[in-house]
Amino acid sequence: MAAILLCNASSASAFLARTSSLKTSLPLPLKPSVFPIRRSSSASPRIYALSSNDIKVGTNIEVDGAPWRVLEFLHVKPGKGAAFVRTKIRNYVTGNTVEKTFRAGSSLEEANVYKEVKQFTYKDGSQFVFMDLNTYEEIRLNAADVGDRTKWLKEGMDCIVLFWNGKVIDFEVPITIQLTVVDVDPGLKGDTAQGGSKPATLETGAVVNVPLFINVGDSIVIDTRTGQYTSRA
């Protein structure tokens, strides 16, 4: 009986040794991923509660059921009466600019305005076609929506399209762009020392003043906010 017990104890020890060896040979569990989840750009952004005290230039607010962008603001604390915020805001949809006053600390609704990069691909009649290079979905804007910015649009240019509640309300061209001069009077010798300028026609049809040393075929950089020449490309 003692021999049998000894044999079983020995077998148990061997079994435990094999089990321990097998356990150490198994792969360790993987650590949780630390990479953020990429979310679809089409997902609606979260709307945060705003106070008039949060207003600053560029804030998007919803007033009377329409999206507005704050262009200017001033916090006023009069000697008598309640403090208030005086603003100048622009309607994204109509383009109208108005002045509006908000009582200090009053609650506001943030406008659900978000941006996506789209490429201007071509003009189809009176419509300007922008494409999402990931989905190949097209967005069309009428000439009235593009307005004076058509003079900066070049095929293949990436632009920022603005959406409000899933609808296109505006778009933005890049702040600086490179365009080629297609027509300009040749500069005269010695003119560069005078620091003068001359009008030049660009490939998009825009006309800007350039230094006298700029010639046809030159690629130049334009600031679209001011419409002015900044440098050679």
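Numbers here simply count residues along the sequence, with the first being 1.
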Can you give me the closest heavy-atom contact between [X] and [Y], atom names plus distance?
X: W164; Y: G65; value: CH2-O, 3.2 Å
X: G156; Y: Q119; value: O-NE2, 3.5 Å
X: E203; Y: Q178; value: OE2-O, 4.4 Å
X: S52; Y: F102; value: CB-CB, 4.0 Å

Rounded to the nearest 0.5 Å, what separates atom [atom1] in [X] from atom [atom2] in [Y]?
X: T94; Y: I169; atom1: OG1; atom2: CD1; result: 10.5 Å
X: E62; Y: L50; atom1: CD; atom2: CG; result: 11.0 Å
X: H75; Y: F73; atom1: NE2; atom2: CZ; result: 5.0 Å
X: E72; Y: R90; atom1: CD; atom2: CZ; result: 13.0 Å
X: D218; Y: Y229; atom1: CG; atom2: OH; result: 8.5 Å
X: L71; Y: T59; atom1: CG; atom2: OG1; result: 11.0 Å

Would you say [X] and [Y] make side-chain contact, with heavy atoms under 4.5 Å?
X: L153; Y: C159; value: yes
X: L202; Y: I222; value: yes
X: P78; Y: F84; value: yes
X: F171; Y: R149; value: yes
X: K154; Y: F120; value: no
X: N60; Y: W68; value: no
X: R232; Y: I214; value: yes
X: I55; Y: L108; value: yes

Completion exercise
Test salt bridge (Lys or Arg N to Asp or Glu O under 4.0 Å), reference E172, set K115, R69, R225, K118, output is K115
With clusters defined by side-chain heavy atoms of hydrophobic residues (ILVMFWY) lying less than 4.5 Å apart, directly or transitively, does [Y] cluster with [X]?
X: V184; Y: V207; result: no
X: Y122; Y: V117; result: no
X: M131; Y: W152; result: no
X: I160; Y: Y92; result: yes
X: V181; Y: F213; result: yes

When you measure from the side chain of [X] to the backbone of [Y], do you find a donor-acceptor pair of N or O atoms at a distance under 3.5 Å?
X: T87; Y: T101; result: no
X: S231; Y: V221; result: no
X: T121; Y: V129; result: yes

Practice task
Evaluate whether atom CG of D64 has more than 12 neighbouring non-hydrogen atoms of other residues, nucleotides or ligands under 6.0 angstrom away.
Solution key: no
Exercise for the section: Could you point out which residue of T180, V210, T230, I177 forms a side-chain contact (heavy atoms from CB on, under 4.5 Å) with I220? Expected result: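 So, applying the side-chain contact (heavy atoms from CB on, under 4.5 Å) to I220 and each of T180, V210, T230, I177, only V210 qualifies.
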